[in-house]
Number of protein chains: 2
Amino acid sequence: MRKLKHPTIDQIELTDIMYALADPTRLEIVTLLANARKKMTCGEFTLNRSKSTMSHHFKILRSSGLVETLIEGTEHMNSLRLEEIENKFPGVLKSVIKATKVIG
Amino acid sequence: MRKLKHPTIDQIELTDIMYALADPTRLEIVTLLANARKKMTCGEFTLNRSKSTMSHHFKILRSSGLVETLIEGTEHMNSLRLEEIENKFPGVLKSVIKATKVIG
DNA sequence: TCAATTGTTCGAATATCTTCGAACTGTCTA
DNA sequence: TAGACAGTTCGAAGATATTCGAACAATTGA
């Protein structure tokens with residue numbers, strides 16, 4: 001469990017990102033991460049879901065390429081791969097984050 | 001069957017749009033519509049799917065607010081609600097369309 | 001070394017999605 | 001008015017998703 005797998009930039013696919021963002025729970029995680037502007041542990045997200053459910057969503061966020069998870073001790077520090085994704089799909093992630101801000 | 005229901009602009013929700021765009025078939029319909037720059041009938045999309053399957057996808061595209069369908073005779077003319085959605089969620093739809101162009 | 005902490009994995013239940021063929025509806029035209 | 005045409009709706013099959021609790025793994029600290 002030393003290191004978690006992440007896709008490289010060229011392995012990231014648009015449909016995977018769309019799919020990851022289509023779930024309300026995951027979209028909320030993404031916007032919280034974007035607004036936090038810092039790394040957050042899984043435990044900091046109190047979205048009324050069980051530990052295993054949250055872990056499941058983070059796994060999908062990681063495999064889509066949206067989130068990077070670094071292990072520090074017993075904690076998993078999560079951050080958005082915003083710049084990389086902006087570089088590959090300009091405007092996609094940023095506009096979605098901005099759109100969620102306006103609403104809630 | 002005279003007129004089909006569409007959500008008004010303020011009824012359109014971001015997660016519904018994300019969900020609609022997450023399916024490869026629907027994403028392809030959306031990009032074809034965007035590139036066509038004109039209204040297209042359902043029959044013009046030859047994506048190796050049955051009539052009923054295509055109808056199902058168009059129903060989701062309509063209910064998400066992405067697509068508007070006007071009935072002209074026996075044909076259903078479809079178009080993207082690009083300007084409306086741009087107005088509500090700036091950059092979201094346009095950046096996704098642009099991102100798909102680069103790839104395929 | 002042992003317990004506490006953080007998160008993952010497993011297995012299962014439930015719900016939702018995609019897909020299709022068949023039957024149907026509304027419109028046009030011969 | 002009957003047939004052709006474009007899509008929708010229905011019902012069902014099979015695949016995927018979401019969710020949870022329980023068990024597990026890795027690290028830290030006492």
Side-chain angles (χ1 to χ4, degrees), chain A residues 1-7 13 15-30 32-33 36 38-80, chain B residues 1-7 13 15-30 32-33 36 38-80:
Chain A
M1 209 206 278
R2 209 138 191 67
K3 234 187 169 185
L4 294 172
K5 237 190 288 181
H6 298 82
E13 296 199 27
T15 46
D16 291 341
I17 288 183
M18 290 294 111
Y19 169 71
L21 294 174
D23 180 85
T25 304
R26 289 193 294 266
L27 184 57
E28 192 163 355
I29 292 174
V30 166
L32 285 172
L33 267 180
K38 64 167 183 91
K39 291 176 183 178
M40 292 177 72
T41 64
C42 302
E44 288 184 80
F45 299 86
T46 51
L47 302 177
N48 262 34
R49 297 280 181 290
S50 74
K51 233 177 13 163
S52 52
T53 298
M54 292 300 281
S55 182
H56 162 74
H57 285 307
F58 272 102
K59 188 176 188 175
I60 289 172
L61 287 169
R62 267 194 302 275
S63 67
S64 74
L66 279 170
V67 165
E68 185 183 40
T69 306
L70 298 175
I71 302 180
E72 296 182 9
T74 64
E75 292 182 329
H76 290 204
M77 306 306 293
N78 299 287
S79 58
L80 264 193
Chain B
M1 209 205 278
R2 208 140 191 69
K3 234 187 172 187
L4 295 173
K5 237 189 288 183
H6 297 83
E13 296 199 28
T15 45
D16 292 340
I17 289 183
M18 289 294 111
Y19 169 70
L21 293 174
D23 179 85
T25 303
R26 290 194 293 268
L27 184 57
E28 191 163 356
I29 292 174
V30 167
L32 286 172
L33 268 179
K38 63 166 183 95
K39 292 176 183 177
M40 293 177 73
T41 64
C42 303
E44 289 185 80
F45 300 85
T46 51
L47 302 178
N48 262 33
R49 297 281 182 289
S50 74
K51 233 176 12 163
S52 53
T53 298
M54 291 300 281
S55 182
H56 162 76
H57 285 307
F58 272 102
K59 189 177 188 175
I60 290 173
L61 287 170
R62 267 195 301 275
S63 67
S64 76
L66 279 170
V67 164
E68 183 182 41
T69 306
L70 299 174
I71 300 180
E72 295 182 9
T74 64
E75 292 183 327
H76 289 203
M77 305 307 294
N78 300 286
S79 57
L80 264 193

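Numbers restart at 1 for each chain; the letters A, B, ... are given by sequence-line order, proteins then strands. Heavy-atom basis, side chains included; hydrogens, waters and symmetry copies ignored.
The NE2 atom of B:H76 sits 11 Å away from the C1' atom of D:dC5 (whole-angstrom rounding). Taking atom CD of residue A:E72 and atom C1' of nucleotide D:dA26, one finds them 15 Å apart after rounding to whole Å. When the C1' atom of C:dT9 is taken as reference, atom NZ of A:K5 falls 15 Å away, rounded to whole Å. Between A:F58 atom CZ and D:dT19 atom C1' the separation is 16 Å, expressed in whole Å. Rounded to an integer number of Å, the gap from B:L70 CG to D:dA6 C1' is 15 Å. For A:M40 and C:dG7, the CE to P distance is 11 Å, given to the nearest whole Å. The distance between atom CD1 of A:I60 and atom P of C:dT8, rounded to the nearest whole Å, is 12 Å. Between the CG atom of A:D16 and the P atom of D:dT16 there is a distance of 14 Å, given to the nearest Å.
Set against C:dT8, C:dT19, C:dT9, the side chain of A:L4 has C:dT8 as its closest nucleotide. For B:Y19, the listed nucleotide lying nearest its side chain is C:dC17; candidates were C:dG26, D:dT19, C:dC17. You'll find that the side chain of A:S50 is closest to D:dC20, out of D:dC20, C:dG7, C:dT19. With distances taken from any side-chain atom of B:D23 to the nucleotides D:dT18, C:dT18, C:dT9, the minimum falls on C:dT18. Relative to the side chain of B:T53, the nucleotides C:dG7, C:dT9, C:dC20 differ in distance, and C:dC20 lies closest. Out of C:dT27, C:dT19, D:dG7, the shortest distance to the side chain of B:E75 is found at D:dG7. Of the candidates D:dT8, C:dT18, D:dA26, the closest approach to any side-chain atom of A:T74 belongs to D:dA26. Residue A:C42 has its side chain nearest to C:dG7 when only D:dG7, C:dG7, C:dT19 are considered.
Donor-acceptor pairing under 3.5 Å, judged by distance alone, is present between the side chain of A:S52 and the base of D:dG21.
One finds no side-chain N or O of A:R62 lying less than 4.0 angstrom from the OP1 or OP2 phosphate oxygen of C:dG7. At the phosphate of D:dG7, OP1 or OP2 sits under 4.0 Å from a side-chain N or O atom of B:T41. Between D:dT8 and B:H56, no contact under 4.0 Å exists linking OP1 or OP2 to a side-chain N or O. Of the side-chain N and O atoms in B:K51, none sit less than 4.0 angstrom from OP1 or OP2 of C:dA22. Put simply, B:R49 has no side-chain N or O that comes within less than 4.0 Å of OP1 or OP2 on C:dT18.
B:L33 CG to B:R26 CZ: the interatomic distance, rounded to the nearest 0.5 Å, is 14.0 Å.
The backbone N or O of A:K59 lies less than 3.5 Å from a partner atom in the side chain of A:S63, making a donor-acceptor pair. At least one donor-acceptor pair under 3.5 Å links the side chain of A:E44 to the backbone N or O of A:T41. The backbone N or O of A:M40 lies less than 3.5 Å from a partner atom in the side chain of A:N78, making a donor-acceptor pair.
The residue A:H57 sits close only to the backbone: its heavy atoms come under 4.0 Å of sugar-phosphate atoms, none of a base.
The 5' end of DNA chain D is approached more closely, in terms of each residue's nearest nucleotide, by B:E44 than by the other of B:E44 and A:T25.
The shortest distance between side-chain heavy atoms of A:L47 and A:L32 falls below 4.5 Å.
Each of B:K39, B:H76, B:E75, B:R62 was checked for a side chain to side chain donor-acceptor pair (under 3.5 Å) with B:T69, and the lone residue meeting it is B:R62.
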